[in-house]
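Below: one structure, written as structure tokens.
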Protein chains: 2
Amino acid sequence: MSDPTKKSKPSSAANAEERAFLAAYDAAAFPHPSVAVDVAVMSVADGALHTLLVQRGDHPQKGRLALPGGFVGVKESLDAAAARVLAIKTGLRDLFLEQLYTFGDVGRDPRTRVITVAYYALVDRARVLRARPEQGAMVFARIDVPWKGEAGGPVRALDAEGRELPLAFDHADILGVVVKRLRGKLGYVPIGYELLPRRFALRQLQEIHEAVLGRKLNKDSFRRSVVASGLVAPTRELEHDVPYRPAELYRYVRSKSR
Amino acid sequence: MSDPTKKSKPSSAANAEERAFLAAYDAAAFPHPSVAVDVAVMSVADGALHTLLVQRGDHPQKGRLALPGGFVGVKESLDAAAARVLAIKTGLRDLFLEQLYTFGDVGRDPRTRVITVAYYALVDRARVLRARPEQGAMVFARIDVPWKGEAGGPVRALDAEGRELPLAFDHADILGVVVKRLRGKLGYVPIGYELLPRRFALRQLQEIHEAVLGRKLNKDSFRRSVVASGLVAPTRELEHDVPYRPAELYRYVRSKSR
DNA sequence: CACCTTATATGCTTATAGCATATATGCAAT
DNA sequence: ATTGCATATATGCTATAAGCATATAAGGTG
């Protein structure tokens, strides 16, 4: 019914160097599918979802931007591979990290058959800005969701000036599935907290929800339902450095004590 | 946060023949992970979820019951592999078939590293009973969900007499994730229709929902919300062969015309 | 034809979301 | 210090949907 991979296409626009690489590549040495993991590190800034991209240092698609990824070791679980790739390519550890979907179309990698298990991670903005990769360089990209209601199709990645960033492989499709998953989860699981620091104002939480869902929410209803859920607790601390009445800060409680 | 694979364990109870097979198995010939697909064919009968199991004809775990599965061809997409396995092992085609989750723990297959992409399919009872496999034999198993609220842990498979059926590998975990997914989806996607024939009474649809969710629903609220959703339409046909007032039959409409 | 069982319709009650309004409060300009 | 601003927080009204009970309809069975 839902086939998030159906729009993936083999990259056809390869330059001369890339074509030479592929011509010399010995695909026959890989008679079985290879397995990789890719991780979409999601955060929210300026009212929009952002992700973290790395520049590919090797062929294929050298120079293009891609989700941090890598091959799965033969004695390494998928979850462990995702955590390792995340740490190496972004320097981030101990994030909320969850499996998303597995992309396995035949032509998605021009070298040979590569099946990738996609993961997504959630981080708060301050932490992602302090992150430093152990290898390579990172780029922050704003996710631009085409307005087709519920999303699910490919999305665009934009740099700070609004220019579109070229994504490798089917990574735009992967980001589309991430957005769809986040929107679905937000309705019944409080993932919003993973995108905020430990203490936050309810307004910040609402902004997170609005950025993920792509629409405005009713302020009072949002406050009431969140507080009534018992999943947040007031801390008696107040915001500071705001030019208006500071709001009380809340924290996330896992054992809803009600 | 949610790790549906964490309870999987390598099968430790192997008989002498199985041990001999594994001792002779040349794991070194497979230096990379292999990729398989497994399909959970779900249906509802007698107020409970059922699945379809096949007896393993080969080692490892020869003789145990398993979800229909097989390896992914190097030029075959994951979706195509799942549909092929489904057709060969059960004779069923053109079902609702959707990717579920990918299980990749290191020890889940005693031979070598096998990563499996799990799918689930939905069929109505009459059709699954007419199905005949092209290879091997099938067994229907009732899914017994331990009462831990939302499920997600491993489940038990029972035969018609209520005896527990031994499942191979981590297939009990896979079925646990299937149940969890179905319960989650039922709230906002009308998958119930995939488990019924084309024309059905609202009571039948409610029984499907109750079997999947594992709890009774309010009859009036269910009827009102389903009819108001615009996703079903009355057909002016009535049930027949029932010893009481026959209900009107409904059909599923994809384009909600309201 | 009486009676059984389930379908279908209607009204009451309760919970919640959306919305509007009123008041509180920290900060900054005057 | 006072006033105004922007936002926080509280309260009440309304529309909507769910839970629940009751009443009536209708086919099958003896």
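Lettering follows sequence order; numbering is per chain, from 1.
- Each of B:R224 and A:S225 was matched to the nucleotide of DNA chain C holding its nearest heavy atom; the match closer to the 5' end belongs to B:R224.
- Checking C:dA17, D:dC20, D:dA8 against the side-chain heavy atoms of A:S221 singles out C:dA17 as nearest.
- For A:Q204 and D:dA8, the CD to C1' distance is 13 Å, given to the nearest whole Å.
- To the nearest angstrom, P of C:dG26 lies 15 Å from CG of A:D241.
- When rounded to the nearest whole Å, the span between CZ of B:R215 and C1' of D:dA18 equals 12 Å.
- Rounded to a whole Å, the CG atom of B:D220 is 14 Å from the C1' atom of C:dT13.
- Contact check, B:K219 against C:dA7: a side-chain N or O comes under 4.0 Å of OP1 or OP2.
- Between A:H240 and A:F222, it is A:F222 whose nearest contact on DNA chain C lies nearer the 5' terminus.
- Distances from the side chain of A:L238 to the nucleotides C:dT8, C:dG11, C:dG26 place C:dG26 closest.
- In this structure, the CZ atom of A:R223 is 12 Å from the P atom of D:dT11, given to the nearest Å.
- Using a cutoff of 4.0 Å between basic side-chain nitrogens and carboxylate oxygens, B:R203 and B:E239 are scored as salt-bridged.
- Closest approach of A:V123 and A:S43 over heavy atoms only: O-CB, 3.5 Å.
- In this structure, CG of B:L205 is placed 16 Å from C1' of C:dA7, rounded to the nearest angstrom.
- Between A:I174 and A:Y120 the shortest side-chain heavy-atom distance does not fall below 4.5 Å.
- Residue B:L67 comes nearest to B:D38 through the heavy atom pair O-OD1, 3.9 Å, listed as atom of the first residue, atom of the second, then distance.
- A:G192 and A:H209 make their closest contact through CA-NE2, 4.4 Å (heavy atoms, listed as atom of the first residue, atom of the second, distance).
- Salt bridge A:E194/A:K185: absent, no basic N to carboxylate O contact under 4.0 Å.
- Of the residues in residues 242-251 of chain B, those with a non-hydrogen atom less than 4.0 angstrom from any atom of DNA chain D are B:V242, B:P243, B:Y244, B:R245, B:P246.
- Going from atom CG of B:L217 over to atom C1' of D:dG19 covers 12 Å, rounded to whole Å.
- Taking the six-membered ring where the residue is Trp, B:Y252 and B:Y193 present parallel rings, their angle staying beneath 30° rather than reaching 60°.
- Between A:N218 and C:dC19 there is a side-chain N or O to OP1 or OP2 distance below 4.0 Å.
- For B:E207 and C:dT6, the CD to C1' distance is 12 Å, given to the nearest whole Å.
- Nucleic acid contact for A:R203: sugar-phosphate only, since backbone atoms but no base atoms lie under 4.0 Å from a heavy atom of the residue.
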